[in-house]
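Down below is the structure, laid out as structure tokens.
Basis for what follows: all heavy atoms, side chains included, without hydrogens, waters or symmetry-related copies. Letters A, B, ... mirror the listed sequences (proteins, then strands); counts begin at 1.
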2 protein chains.
Amino acid sequence: MRFSKQRELIQHIVQGTNSHPTAYWIFNKAKKKISNISMGTVYRNLNKLNNDGVIKIFYDNNIARYDWNTVAHDHLKCNKCGKITDINMHTKELQKKVWNQYKFEADNIEITISGICNNH
Amino acid sequence: MRFSKQRELIQHIVQGTNSHPTAYWIFNKAKKKISNISMGTVYRNLNKLNNDGVIKIFYDNNIARYDWNTVAHDHLKCNKCGKITDINMHTKELQKKVWNQYKFEADNIEITISGICNNH
DNA sequence: AATATAAATAGTAATAATTCCTATTACTGT
DNA sequence: ACAGTAATAGGAATTATTACTATTTATATT
């Protein structure tokens, strides 16, 4: 993969926030540095970075969010303020379990827990 | 809520399959019985049925799928054949855990595990 | 059974998220 | 410096979903 300043910027934006941003948020942030950047470029590079394991994509209901944290982890989503918090649910155990019980080779386990966070 | 034959049909379609169908699949199935049914009607009723706890909505990446099984459960998704299988991961324990560790009141826990199923 | 009314529908337009397409641009190896 | 290749911008196209509105229909009331 060749270097591109657009991709570098997109990577830095994702890596510079804990807010689990959407593509649209990243696009708006990127426009401030490269005013003519397009959504196509944002999506293409986010997918590329995800495929290369540089960042991680996950889904909050039906919209994609992007995470600098590529280590396996899970999310708490507050239904009141929308805040998404990283947590760790030891998915290794689940991975073993689905293999033993269902002979299913898990390569990705996503746990999203919604409810009410400790600010409410 | 008033009776409608459209909603009744939609409910029966969802309750008659284990395939975790999309709105579009349900729409096509419904058209065979009520040829002029519209997508708006399908979505409106699926949401209504979900809100009433008659069926359950969940998200497979960025698309909505509908499930007759309203008891809390989880899903295995095969990356080769796309098949989605119901499993049970005892999320009660996770619910306790996030309360103890994070003081987070979980009301919904979604676990989606993707990988390769036992047909491959 | 006829009527009123409130709710649901069909059909379509609008929106939102994402992917696709193509002419153009710009790294990189020679 | 130049050619070849890969990435880009910008916009069109697609897909999923929601919103709007005139019309129809289920149900309660007479």
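Computed from coordinates, the B/Arg2 CZ to C/dA7 P distance equals 8 Å when rounded to whole Å. The interatomic distance linking B/Lys5 (NZ) with D/dT24 (P) rounds to 13 Å, in whole Å.
The distance from atom CG of B/Asn88 to atom NZ of A/Lys97, rounded to the nearest 0.5 Å, is 7.5 Å.
Using modelled atom types, one side-chain atom of B/His73 and one backbone atom of B/Val71 make a donor-acceptor pair closer than 3.5 Å.
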Indicate every side-chain donor-acceptor pair of residues 56-63 of chain B with a distance under 3.5 Å to a residue at least two apart or in another chain.
| from | atom 1 | to | atom 2 | distance (Å) |
| --- | --- | --- | --- | --- |
| B/Asp60 | OD1 | B/Lys77 | NZ | 3.0 |
| B/Asp60 | OD2 | B/Arg65 | NE | 2.8 |
| B/Asp60 | OD2 | B/Arg65 | NH2 | 3.3 |
| B/Asp60 | OD2 | B/Lys77 | NZ | 3.0 |

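Comparing B/Phe3 and A/Ser4 against DNA chain D, the residue whose closest nucleotide sits nearer the 5' end is A/Ser4. Mapping B/Met1 and B/Tyr24 onto DNA chain D by nearest heavy atom places B/Tyr24 at the nucleotide closer to the 5' end.
Sorted by residue number, the members of residues 27-66 of chain B with any non-hydrogen atom under 4.0 Å from DNA chain C read B/Asn36, B/Ile37, B/Ser38, B/Thr41, B/Arg44, B/Asn45, B/Lys48, B/Asn62.
Evaluation of the ring pair (Phe, Tyr, Trp, His ring centres under 6.0 Å) test over residues 93-120 of chain A, restricted to residues two or more places apart or in two chains, returns none.
Listed here is the closest heavy atom pair of A/Asn69 and A/Asp86: ND2-OD2, 3.5 Å.
Between B/Val14 and the choices B/Asn50, B/Leu46, B/Leu9, the side-chain contact (heavy atoms from CB on, under 4.5 Å) rule is met once, by B/Leu46.
For B/Gln6 and D/dT25, the shortest distance from a side-chain N or O to OP1 or OP2 is not below 4.0 Å.
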